Amino acid sequence: MILSLILGPVLAYMIWSLICLEKNVRVARRVIGVPVIRSPIDGNNIPYQVFSPFFWMLLDLLPIKWSSYPDFIRFWRGGWHVREKADPHVRLGPVWALVTPACIELQFADPDAIMEIYARRRDFVRPIKQYRLLEVYGPCISTAGWDDWPRHRKVLAAPFSENIMKFVWDESLRQARSLRRSWFVNAAEAGVPSVQKDVRALSLNVLASTGFRKSYDFHGSADAKPKSDENVEVTGYRETLQTVLDNCIPLMLIPYRVLTGPFMPKGLAKVGRAGAKFRDYMVQMLEEEKAALKEGRPGVGGIMTAFVHSLIVHEKEMAQGMDPKAISVDGKKGLSQEEIFSNMFVINFAGHDTTANTLAFCMLQMAANPKVQEWLGGEINRVISADENEEEEWDYKTVFPKLKRCTAVLYETLRLYPAVVALPKWTEKKAQTLKVGGRTLTVPAGVYTMAACMAIQQHPQFWGDDAETWRPERWIVRNEMGEEELYVPREGTFFPWSDGPQNCPGKKFAEVEAVAFLACLFRKHRVEAKKTHEGESEEAVRNRVLACVNDVNMDMLVRMNDPDRVRVVCKEVTV
Ligand code: HEM
């Protein structure tokens with residue numbers, strides 16, 4: 001009796017899911033007219049998200065090659081983009097549909113269609129319900145509807161102008177110099193315990209300093225530090241932010257106020273307290289900045305100043321009796337305190353691990369490719385003269401634009417390992433037509449249109465037969481005067497920072513930071529992977545590093561499963 005009470009609804013749910021799945025398949029085939037891959041369960045289904053890791057763990061134990069599973073298993077598993085890369089498009093063409101019982105997702109690897117989706121921003125809109133998790137502290141830029149989004153974007157993008165790039169450059173060099181010292185001196189024998197942790201520390205310090213004028217010295221995984229105790233409460237701004245970002249998934253799923261409530265396991269309660277503490281810090285920073293501006297003092301600058309200006313506008317709007325829920329189409333321009341806090345979280349979330357993971361991928365690829373290090377070192381030493389030994393002397397305006405090979409290394413890394421595998425938009429309430437190749441597709445309302453970033457960036461049609469190989473030299477071409485220039489790929493074939501108006505405002509920030517980091521590290525130093533045993537051949541070491549850097553998953557962002565299984569050693573060279 002109890003069994004049938006449980007099994008009955010489960011069976012009914014399964015039959016209902018199958019009916020919905022087949023209904024969606026019919027729409028994809030007959031209305032849109034594209035090839036279909038079925039996935040029996042929608043990836044956003046919560047019970048699926050809880051139980052699926054165990055299921056996949058069991059499946060991984062079987063001695064069966066992943067590529068030999070049928071499509072409906074392969075594409076059912078989250079993170080399939082990083083495993084399949086361009087293959088589904090090579091097999092099925094520039095557009096195909098991943099169909100689940102809950103939705104139809106059109107996957108595009110057609111440059112013109114992708115650019116059209118980005119350009120027609122009112123027809124193909126950001127599916128904000130998928131971004132609601134980011135509302136840890138309230139409404140933010142990522143969850144603002146199209147009409148209201150410019151109000152957030154105006155405030156957020158302004159401080160990322162060219163004016164702060166010198167600051168990003170100088171701070172990145174300062175941090176990179178300490179990282180280099182840590183790797184070269186303290187990790188000389190045993191190797192760097194965690195490249196990933198170190199580049200995360202560097203990226204967080206640059207962000208905290210540039211964005212929020214909170215300056216910290218670099219502390220690497222090889223540097224001596226006080227014994228940490230899991231039970232010790234985090235208190236400083238940096239540690240609090242680090243705890244918040246390290247635990248952003250529980251914080252996104254469970255409000256921090258609930259996490260700090262009674263009966264919570266110790267670990268989660270600590271995360272909740274960090275969430276609350278980070279809000280206190282934001283209140284304090286905002287109050288201090290407000291006071292400074294009111295007293296006619298200059299304020300700290302950076303994004304805090306922009307936020308305070310927007311808060312002052314908001315307070316005036318409220319004093320005029322404006323509806324706090326009104327959106328910018330009704331004339332509202334300021335940001336409320338909650339919106340500011342939420343956007344501060346988003347900037348930290350969007351700007352930290354994206355950059356840090358990219359640098360980690362970069363480092364391991366460099367360790368596997370000593371010739372690229374020489375090639376890079378050649379450029380750095382040509383651009384920076386032999387007597388400019390102090391990084392403080394490296395002028396952003398004259399040096400940064402000349403470091404084309406450093407930029408090439410960054411672009412090539414983002415080509416193979418973009419932080420976000422596919423950028424979602426959807427038709428929401430209205431059907432749209434869209435040209436793909438020689439055809440015009442009718443895309444019904446409520447259908448997702450994914451710009452398949454990872455697929456098109458590794459598609460042999462656009463990147464050649466070695467599309468899956470990390471080869472930064474592909475980004476360098478020569479102009480008529482024989483000078484090196486950056487290759488400009490066809491529009492819609494390279495967009496790790498997304499494209500169109502809702503692209504990443506931190507693009508230049510990330511470029512300046514990465515180039516400064518590479519220039520500082522590879523001017524007089526080289527990295528190599530530490531051998532696991534005396535007789536390990538160079539080829540075996542290289543294969544081990546490549547296996548590590550290509551063992552990737554999609555856990556909010558693209559990242560390596562276990563980057564610390566390779567230890568890197570940093571050596572000085574004579575140039
Ligand atoms: C290599 C580094 C980075 C990569 C690959 C990257 C990538 C992206 C992508 C793909 C988006 C669009 C997301 C979407 O539409 O779903 C985005 C948005 C965003 N990024 Fe970045 N990002 C990087 C660094 C940064 C940095 C350093 C900052 C700030 C300091 C930043 C701030 C933002 C913000 C605020 C948004 C939301 C923009 C909006 O909704 O209008 N990003 N980023």
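Counting starts at 1 for both ligands and their atoms, in listed order. It should be emphasised that the depicted structure is a prediction, and the values quoted were computed from it without experimental measurement.
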### Query
Do Thr427 and Gln432 meet the criterion of a side-chain donor-acceptor pair at a distance under 3.5 Å?
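There is no such pair between these side chains.
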### Query
Distance only, no hydrogens: is a donor on one side chain within 3.5 Å (strictly under) of an acceptor on the other, for Tyr411 and Glu511?
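Judged by distance alone, the side chains do pair up.
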If you count the atoms of ligand 1 from 1 in the order shown, which ones are under 4.0 Å from a heavy atom of [X]?
X: Leu156; answer: 35 (C)
X: Ala510; answer: 1 (C), 2 (C)
X: Ile141; answer: 39 (C), 40 (O), 41 (O)
X: Pro496; answer: 5 (C), 7 (C), 10 (C)
X: Thr358; answer: 1 (C)
X: Tyr131; answer: 14 (C), 15 (O), 16 (O)

### Query
Of Glu473, Glu412, Glu484, which meets salt bridge (charged side-chain N to carboxylate O under 4.0 Å, His left out) against Arg405?
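Only one option passes, and that is Glu484.
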### Message
Counting only heavy atoms, tell me which of Val420, Leu423, Val346 gets closest to atom 13 (C) of ligand 1.
### Response
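Considering heavy atoms of Val420, Leu423, Val346, the nearest to atom 13 (C) of ligand 1 sits in Leu423.
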### Query
Out of Arg153, Lys507, Lys508, Gln130, whose heavy atom is nearest to atom 38 (C) of ligand 1?
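Minimum heavy-atom distance to atom 38 (C) of ligand 1 goes to Arg153.
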### Cation-pi, Tyr237 ring and Lys214 (6.0 angstrom, 45 degrees)
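Relative to the ring axis of Tyr237, which defines the angle, Lys214 lies inside both limits.
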Tell me: protein heavy atom nearest [atom], and distance?
atom: atom 29 (C) of ligand 1; result: Phe160 CZ, 3.7 Å
atom: atom 17 (C) of ligand 1; result: Cys504 CB, 3.5 Å
atom: atom 32 (C) of ligand 1; result: Ala350 CB, 3.7 Å
atom: atom 23 (C) of ligand 1; result: Thr354 OG1, 3.5 Å
atom: atom 6 (C) of ligand 1; result: Trp497 CD1, 3.5 Å
atom: atom 28 (C) of ligand 1; result: Gly351 CA, 3.5 Å
atom: atom 36 (C) of ligand 1; result: Pro505 CD, 3.6 Å

#### Entry: Test of proximity, Asn503 against ligand 1: N or O pairs below 3.5 Å
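It does not: no N or O of Asn503 is found under 3.5 Å from an N or O of ligand 1.
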### Query
N/O to N/O below 3.5 Å, does that happen between Ser498 and ligand 1?
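No.
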How about [X] and [Y]: are their ring centres within less than 6.0 Å of each other?
X: Phe108; Y: Trp96; answer: no
X: Trp475; Y: Trp463; answer: yes
X: Phe167; Y: Tyr396; answer: no

### Query
Any chance NZ of Lys508 has more than 12 other-residue heavy atoms, nucleotides or ligands included, within less than 6.0 Å?
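For Lys508, atom NZ is crowded (more than 12 foreign heavy atoms under 6.0 Å).
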### Query
Rounded to the nearest 0.5 Å, how far does CE of Met115 lie from OG1 of Thr493?
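CE of Met115 is found 9.5 Å from OG1 of Thr493.
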### Query
Has Trp149 got any heavy atom lying under 4.0 angstrom from an atom of ligand 1?
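Heavy atoms of Trp149 do come under 4.0 Å of ligand 1.
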### contact_flag Arg126 ligand 1 heavy-atom lt 4.0 Å
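Contact present.
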### Task
Please state whether the rings of Phe361 and Tyr417 are parallel, tilted or perpendicular, taking 30° and 60° as the class boundaries.
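If you compare the ring of Phe361 with that of Tyr417, the planes turn out parallel.
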### Query
What is the ring orientation for Phe509 with Phe160, classed by angle as parallel under 30°, tilted 30 to 60°, or perpendicular over 60°?
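Plane angle over 60°, so perpendicular.
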### Query
Taking non-hydrogen atoms only, is Leu207 closer than 4.0 angstrom to ligand 1 via side chain, backbone, both or neither?
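The part of Leu207 near ligand 1 is the side chain, not the backbone.
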### Task
Please report the C-alpha distance between Arg174 and Asp170 in whole Å, then the side-chain angles of each, then the deciding distance to 0.1 Å, and finally whether the salt bridge (Lys or Arg N to Asp or Glu O under 4.0 Å) criterion is met.
CA-CA 6 Å; Arg174 188 177 84 86; Asp170 291 343; over 6 Å; no
